[in-house]
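All remarks here apply to the structure that follows.
Sequence lines set the chain letters: A, B, ... in the order given, protein chains first and strands last, and positions in each chain run from 1. Just so you know, these numbers use all the heavy atoms, side chains as well, and skip hydrogens, waters and symmetry mates.
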There are 2 protein chains.
Amino acid sequence: MSKIKPGKNNSSKEVIVKKAAALFRQKGYKAASMRELAETLNIEAPSLYNHIGSKSELLQDICLKVADTFTANLVNIEKMQGSIIGKIEAIIRFHIKMMLENFDEVFVANHEWKHLQEPFFTDFLNQRRNYEKRLMTLIERGIQKKELEKNNSYIVVLTILSAVRGLEFRQRHKKNISAKILEDTMVNQLLNGIVK
Amino acid sequence: MSKIKPGKNNSSKEVIVKKAAALFRQKGYKAASMRELAETLNIEAPSLYNHIGSKSELLQDICLKVADTFTANLVNIEKMQGSIIGKIEAIIRFHIKMMLENFDEVFVANHEWKHLQEPFFTDFLNQRRNYEKRLMTLIERGIQKKELEKNNSYIVVLTILSAVRGLEFRQRHKKNISAKILEDTMVNQLLNGIVK
DNA sequence: CCTACCGATCGGTAGG
DNA sequence: CCTACCGATCGGTAGG
């Protein structure tokens with residue numbers, strides 16, 4: 001009898017990965033136990049292994065899927081027509097949207113990837129470096145085209161990514177802040193600053 | 001025979017805390033073992049307990065000291081004369097300096113504080129919320145005084161803190177980026193943006 | 001500061 | 001999907 005209910009668009013494993021993302025985000029990968037994960041699914045821990053290979057496989061699934069999503073988005077944006085500023089804006093907006101809509105997964109990919117085992121650790125790190133390098137190239141082209149002020153592109157990318165990756169929204173709903181306002185304000189600050 | 005060498009300005013415990021910060025940053029609090037920590041000090045694990053009370057006490061020392069340092073700086077800046085913009089700039093610069101000069105401790109305080117035990121967990125969280133609230137007040141005063149554009153102060157604070165707290169400098173030395181350039185560029189982006 | 005050791009918990013397997 | 005269980009590792013103590 002299947003207690004984990006796969007739907008039409010998700011397998012049993014996907015149900016487990018989703019719960020794992022939530023648990024890993026709350027407790028951290030190392031502090032989250034497979035017994036706890038099983039409990040959220042109302043099964044015993046050993047039953048998990050009928051659907052998955054190992055704990056670290058769950059982390060791999062989460063991190064690699066997030067990384068691929070961001071990379072795929074970047075590829076699309078690079079192909080787009082339009083100004084460099086428009087592209088950078090689109091990238092920042094995508095990061096914020098992902099954070100809002102897939103918080104557990106993105107948070108885990110951002111904060112727990114150091115627990116990946118090889119070769120996934122190296123793959124993930126390389127993909128991340130490649131992503132940052134391509135953002136730097138975009139910034140540099142914006143400077144050449146006089147759309148952007150002349151700044152060290154590495155630091156500009158560092159600042160943008162640091163800001164969007166570290167996002168947490170503890171108080172967002174209490175403060176009644178819509179996704180649109182959050183996006184608009186952050187994009188505007190990172191592109192145009194806050195000084196009058 | 002004391003194998004942990006306390007100096008004039010640091011006790012045995014402070015030597016251990018320093019090594020613990022480095023280890024917790026690299027592996028994460030939960031994944032770092034007391035046996036590993038002992039190894040970095042060339043002693044056996046049980047010997048640690050002649051100098052410290054517990055593993056979680058090490059995390060407390062690190063997190064509370066960092067939090068107090070930031071709070072003390074904020075108190076000083078609030079007392080300062082000068083524009084709101086000047087104060088916000090000083091706060092951002094302090095964050096970056098702390099990240100550069102005390103990377104292990106600040107990183108651990110930013111990323112591992114969820115593993116604090118009560119009542120330290122709640123104390124830390126409250127101190128953090130208080131810090132954010134006071135930054136918001138500063139932003140709001142800047143808007144009133146027409147120094148800053150009208151923006152949601154919560155989001156502005158979120159963006160600034162997210163950017164400075166998430167900083168990592170993996171490639172900084174390879175890219176020959178001085179602390180001054182890093183500080184100046186980040187402050188400038190967060191205050192004035194990057195668009196020409 | 002060390003040796004010897006403990007109870008708890010972990011990820012995971014065997015077998016049904 | 002479960003019960004029963006294993007070896008490894010953990011934080012920490014006793015006693016010297």
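Atom CE in Met34(A) sits roughly 18 Å away from atom P in dT9(D) (whole-Å rounding). One can place CD of Glu39(B) at 16 Å from C1' of dC1(C), the figure rounded to the nearest angstrom. In this structure, the CG atom of Leu41(A) is 9 Å from the P atom of dC1(D), given to the nearest Å. As rounded to whole Å, 16 Å separates atom P of dC1(C) from atom NZ of Lys13(B). Computed from coordinates, the Glu36(B) CD to dA8(D) P distance equals 18 Å when rounded to whole Å. At whole-Å resolution of the value, CG in Leu48(A) and C1' in dG12(C) are 11 Å apart. Taking atom NZ of Lys30(B) as the reference point, atom P of dT9(C) lies 11 Å away to the nearest angstrom. In this structure, the NZ atom of Lys55(A) is 19 Å from the P atom of dA8(D), given to the nearest Å.
Here the side chain of Gln127(B) pairs a donor or acceptor atom with the backbone of Ala67(B) at under 3.5 angstrom.
Both tests hold for Lys55(B) against Tyr29(B): distance to the six-membered ring centre under 6.0 Å, angle to the ring axis within 45°. The side-chain tip of Lys114(B) does not point at the ring of Phe124(B) from less than 6.0 angstrom away and within 45° of straight on.
Lys133(A) NZ: 12 or fewer foreign heavy atoms inside a 6.0 Å radius.
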Applying side chain to side chain contact (heavy atoms under 4.5 Å, CB included) to Leu74(B) and Leu135(B), what does each step give before you reach the verdict? CA-CA 9 Å; Leu74(B) 183 54; Leu135(B) 280 191; 4.2 Å; yes
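Glu132(A) and Val157(A) get closest at one heavy-atom pair: O-CG1, 4.1 Å.
Contact annotation for Ala32(A): backbone-only contact, meaning every heavy-atom pair under 4.0 Å involves sugar-phosphate atoms and none involves a base.
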Just the table, please: protein N/O against nucleotides 2-5 of chain D N/O, every pair under 3.5 Å.
| unit_1 | atom_1 | unit_2 | atom_2 | d |
| --- | --- | --- | --- | --- |
| dC2(D) | OP2 | Glu44(A) | N | 2.8 |
| dC2(D) | OP2 | Ser47(A) | OG | 2.5 |

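A salt bridge (Lys or Arg N to Asp or Glu O under 4.0 Å) with Glu105(B) is found for one member of Arg25(B), Lys18(B), Lys19(B) and no other, namely Lys18(B). The only option from Val195(B), Thr159(B), Ile194(B) that meets the side-chain contact (heavy atoms from CB on, under 4.5 Å) definition with Leu190(A) turns out to be Thr159(B).
Between the axis at the start and the axis at the end of the helix from dC1(C)-dG16(D) to dG16(C)-dC1(D) there is an angle of 0°, using five pairs per end and rounding to 10 degrees.
Classification of the Phe94(A)-Phe70(A) ring pair by plane angle, with boundaries at 30° and 60°, yields perpendicular.
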